[in-house]
2 protein chains.
Amino acid sequence: MKKTVPEAKLLVVDDEPNIRELLSTSLRVAGFDVVAAANGRDALAAAETHNPDLAVLDVMLPDMDGFTVTRRLRAAGRHFPVVFLTARDDTEDKVTGLTVGGDDYVTKPFSLDEVVARIRAVLRRTHPLEDDDAVIRVDDLELDDDAHEVRRGGETIDLSPTEFKLLRYLMMNPNRVLSKAQILDHVWEYDFNGDASIVESYISYLRRKIDRSSDAVALIQTKRGVGYLLRSADKR
Amino acid sequence: MKKTVPEAKLLVVDDEPNIRELLSTSLRVAGFDVVAAANGRDALAAAETHNPDLAVLDVMLPDMDGFTVTRRLRAAGRHFPVVFLTARDDTEDKVTGLTVGGDDYVTKPFSLDEVVARIRAVLRRTHPLEDDDAVIRVDDLELDDDAHEVRRGGETIDLSPTEFKLLRYLMMNPNRVLSKAQILDHVWEYDFNGDASIVESYISYLRRKIDRSSDAVALIQTKRGVGYLLRSADKR
DNA sequence: GCGATCCCTCAGCAACGGCTCAGCCAATTC
DNA sequence: GAATTGGCTGAGCCGTTGCTGAGGGATCGC
C-alpha cells in the first residue's frame with residue numbers, strides 16, 4: 001500500500017468505539033500518525049497536546065456537536081482542516097457550509113478507502129508542498145482523484161462512483177492479489193451485508209470499460225480461488 | 001526451513017487444544033516465538049505480559065468472541081495485527097471487517113503452510129523495515145507470494161491454488177527430502193483424509209508446468225521410498 | 001415528478017480445479 | 001530374470017468458482 005509522505009498527524013473523534021477503532025487502525029495502516037478521542041472535551045484537549053494536521057470529526061458527539069468543537073478549536077487558534085462524519089439522513093442545510101474552509105465531509109456509513117482518499121485530498125489542498133500527487137498511474141492507466149477522472153492511454157473513461165472506488169483500490173495495490181473479502185472491506189460501506197459476489201459484477205463492469213475498450217493488455221487478472229490483481233509492467 | 005528475521009513473537013488463541021498445539025508447534029518450527037492462550041481472558045492477560053507482534057485469534061471463543069478481544073486489545077493501546085481463524089461455512093462471505101487495518105483471516109480447516117504464509121505476509125506489511133522479501137527464489141525459479149505468481153527464467157507460469165501451495169512448501173525447504181506424509185501435513189488442510197497418493201498427482205502437475213516447459217534442469221527430484229526434493233544449485 | 005443512472009441480486013453457463021482410479025513403467029529385491 | 005513394490009500419468013467425475021446478462025428497486029439530477 002502506498003504510504004503518505006510525509007507522515008501527517010490525524011485526530012480521530014467519534015464516540016462509537018467500533019467506528020473509532022476502525023478508522024484509527026485503517027488510517028494508521030495508510031501511513032498516518034493517529035490520535036483518537038471519544039468526545040468533544042477530549043478532542044479539544046488532544047488538539048492542544050498533539051497539534052494535528054487534520055481532524056476527522058463526528059458531528060454527533062455526546063457532549064457537544066462537531067460544529068461547536070470546530071468553533072472552539074478555531075477560537076483557540078487551531079486552523080487545521082476538518083473532515084466531518086455525518087449521518088446519511090442529516091438534513092442538507094446542516095451539511096452545507098461544511099466544505100467552506102479546507103473542510104470536507106463524509107457520510108456514514110462510509111467506505112474505508114473513500115475516507116482515506118478524502119483525507120488525502122484535503123491534506124493535498126492545504127499542504128500543497130508535498131509531492132504527493134492526486135494522480136495514480138499504472139502503466140497507461142491514470143486515475144485523477146481531484147478531477148475524479150480516469151484515462152487509459154489518454155482516452156477518458158466514464159466510471160460510476162463504485163467502479164471508481166474499486167479501480168482506485170486496485171491501483172493503490174498494483175501487482176498484489178486482493179481477495180474479494182479484502183475488496184469488500186475496503187471499497188464497500190462498512191455496513192454492507194450482501195455477499196462477496198458483487199465484487200465479481202463490478203470487476204466485470206470495470207473490465208468492460210478499461211480492459212476491453214483498448215486492444216492493449218488486460219490489466220485486471222483473476223487469480224482463481226484467491227482474488228484479483230492489477231498488473232503493472234514496470235516493477236514498482 | 002527458512003527462518004523469520006528477526007524472530008517475531010506470536011500469540012496463538014484457540015480453545016480447541018488440538019488446534020492450539022498444532023499451530024503453536026508449527027509456528028515454533030517456522031521460527032516464531034509462540035505464546036498460547038485458550039480463551040479471551042487469558043489472551044488479554046498474555047498480550048499484556050508478552051506484548052506480541054501479532055496474534056492468531058479464533059473468532060469463536062468460549063468466553064468472548066475474537067472481535068471483542070481485538071477491540072479490548074486496541075482499547076488498551078495494543079495495535080499489533082491479528083490473523084483471525086474462522087469456520088468455513090458460517091456464512092463465510094457475510095463476515096466482513098476481518099481484513100481492515102493490517103489484519104487478515106484464514107478459514108478452518110486450514111493448511112499449515114498457508115497460515116504461516118499469511119502470518120508472514122501480514123508481518124511483512126506491518127513491519128516493512130525487514131528485508132524479508134515476498135519473493136522466494138530457488139535457482140531461476142521465483143515465487144511471488146504477494147502477486148501469487150510463479151516464474152521460471154522470467155517466464156510466468158500459471159498454477160492452481162494447490163499447486164502453488166505445494167511449490168511454496170518445496171521452495172521453503174530446498175535440498176531437503178520431504179516425505180509425502182510431511183507434504184500432506186503441511187500443504188493440505190488438516191482434516192483431509194484421502195491418501196497420500198494425491199501428492200504424486202500434484203508433483204506430476206508441477207513437473208509438467210515448471211520442469212517440462214523449459215529445457216533446463218529438472219528441479220523436482222524423486223527419492224524413491226523416501227519422498228521428494230527440490231534441488232537448488234547454489235547452496236545458501 | 002420523470003427519466004436516467006446506479007446498485008445489487010440472481011440464475012445460467014462455462015471453465016477450472018480437486019480428487020480418485022487404473023494401467024503402465026521403473027526400480028528394487030530375491 | 002521374475003516378482004514385487006513404488007511412482008507416474010492420463011482419463012474422468014463432480015463440485016466449485018467466476019463471468020455475464022437481465023431485471024428490480026432505489027436514488028439522483030433536471
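Convention: sequence-line order gives letters A, B, ...; per-chain numbering from 1. Heavy-atom basis, side chains included; hydrogens, waters and symmetry copies ignored.
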Plane angle bin for A:Y202 and A:Y205 - parallel if under 30°, tilted between 30 and 60°, otherwise perpendicular: perpendicular
Sequence-distant partners of B:E142, salt bridge (charged side-chain N to carboxylate O under 4.0 Å, His left out), two or more places apart: B:R137, B:R151
Contact state string [nucleotides 18-23 of chain C, B base, S sugar-phosphate only, - no protein heavy atom under 4.0 Å]: BBBB--
Any residue meeting salt bridge (charged side-chain N to carboxylate O under 4.0 Å, His left out) with B:E16, in chain and number order, not counting sequence neighbours: B:K108
A:K180 side-chain N/O to D:dG18 phosphate OP1/OP2 under 4.0 Å: yes
Separation of atom CD in A:E114 from atom P in C:dC7, rounded to whole Å: 12 Å
Atom-to-atom span, CD1 of A:I203 to P of D:dT17 - whole angstrom: 17 Å
Atom-pair distance (NZ on A:K223; P on C:dG17), nearest Å: 11 Å
With B:D158 via side chain to side chain contact (heavy atoms under 4.5 Å, CB included) - residues at least two apart: none
Protein-nucleotide distance (A:D158, atom CG; C:dA4, atom P), rounded to Å: 16 Å
Pairs satisfying salt bridge (charged side-chain N to carboxylate O under 4.0 Å, His left out), at least one member in residues 221-232 of chain B, at least two apart: none
Touch class at under 4.0 angstrom, heavy-atom based, for B:F164 against every strand present: nothing
Phosphate-side-chain proximity, B:R224 and C:dT28, N/O vs OP1/OP2 below 4.0 Å: no
Interatomic distance where CG belongs to A:L229 and P belongs to D:dG18 [whole Å]: 14 Å
Under-4.0 Å side-chain N/O to phosphate OP1/OP2 contact, A:S204 with D:dC19: no
Atom pair CG (A:L141) and CD1 (A:I157), whose distance is rounded to the nearest 0.5 Å: 6.0 Å
Sequence neighbours excluded - side-chain hydrogen bond (donor to acceptor under 3.5 Å, both in side chains) pairs with any residue from residues 18-27 of chain A: A:N18-B:R71
Length of the CD-P vector between A:Q221 and D:dG18, whole Å: 15 Å
Ring pair (Phe, Tyr, Trp, His ring centres under 6.0 Å) involving B:Y228 - partner list, sequence neighbours excluded: none
Presence of B:T222 side-chain N/O under 4.0 Å of D:dG6 phosphate oxygens OP1/OP2: no
Residue-phosphate contact under 4.0 Å: B:R208 side-chain N/O, D:dC8 OP1/OP2: no
Terminal axes of the helix from C:dG1-D:dC30 to C:dC30-D:dG1 (five pairs each): angle between them, nearest 10 degrees: 30°
Under the side chain to side chain contact (heavy atoms under 4.5 Å, CB included) test, residues paired with A:P81 that sit two or more places apart: A:L54, A:D103, A:V122, A:T126
Separation of B:L61 CG from B:D15 CG (nearest 0.5 Å): 6.0 Å
A:K165 NZ to C:dC6 C1', straight-line distance once rounded to whole Å: 12 Å
Pairs satisfying salt bridge (charged side-chain N to carboxylate O under 4.0 Å, His left out), at least one member in residues 165-174 of chain A, at least two apart: A:D113-A:R168, A:E114-A:R168, A:D145-A:R168
Measure all distances between protein nitrogen or oxygen atoms and nitrogen or oxygen atoms of nucleotides 27-30 of chain D, and list the pairs falling under 3.5 Å.
none

Value in whole Å for how far the P atom of C:dC8 lies from CG of A:L184: 9 Å
For A:F80, all residues meeting ring pair (Phe, Tyr, Trp, His ring centres under 6.0 Å), sequence neighbours excluded: none
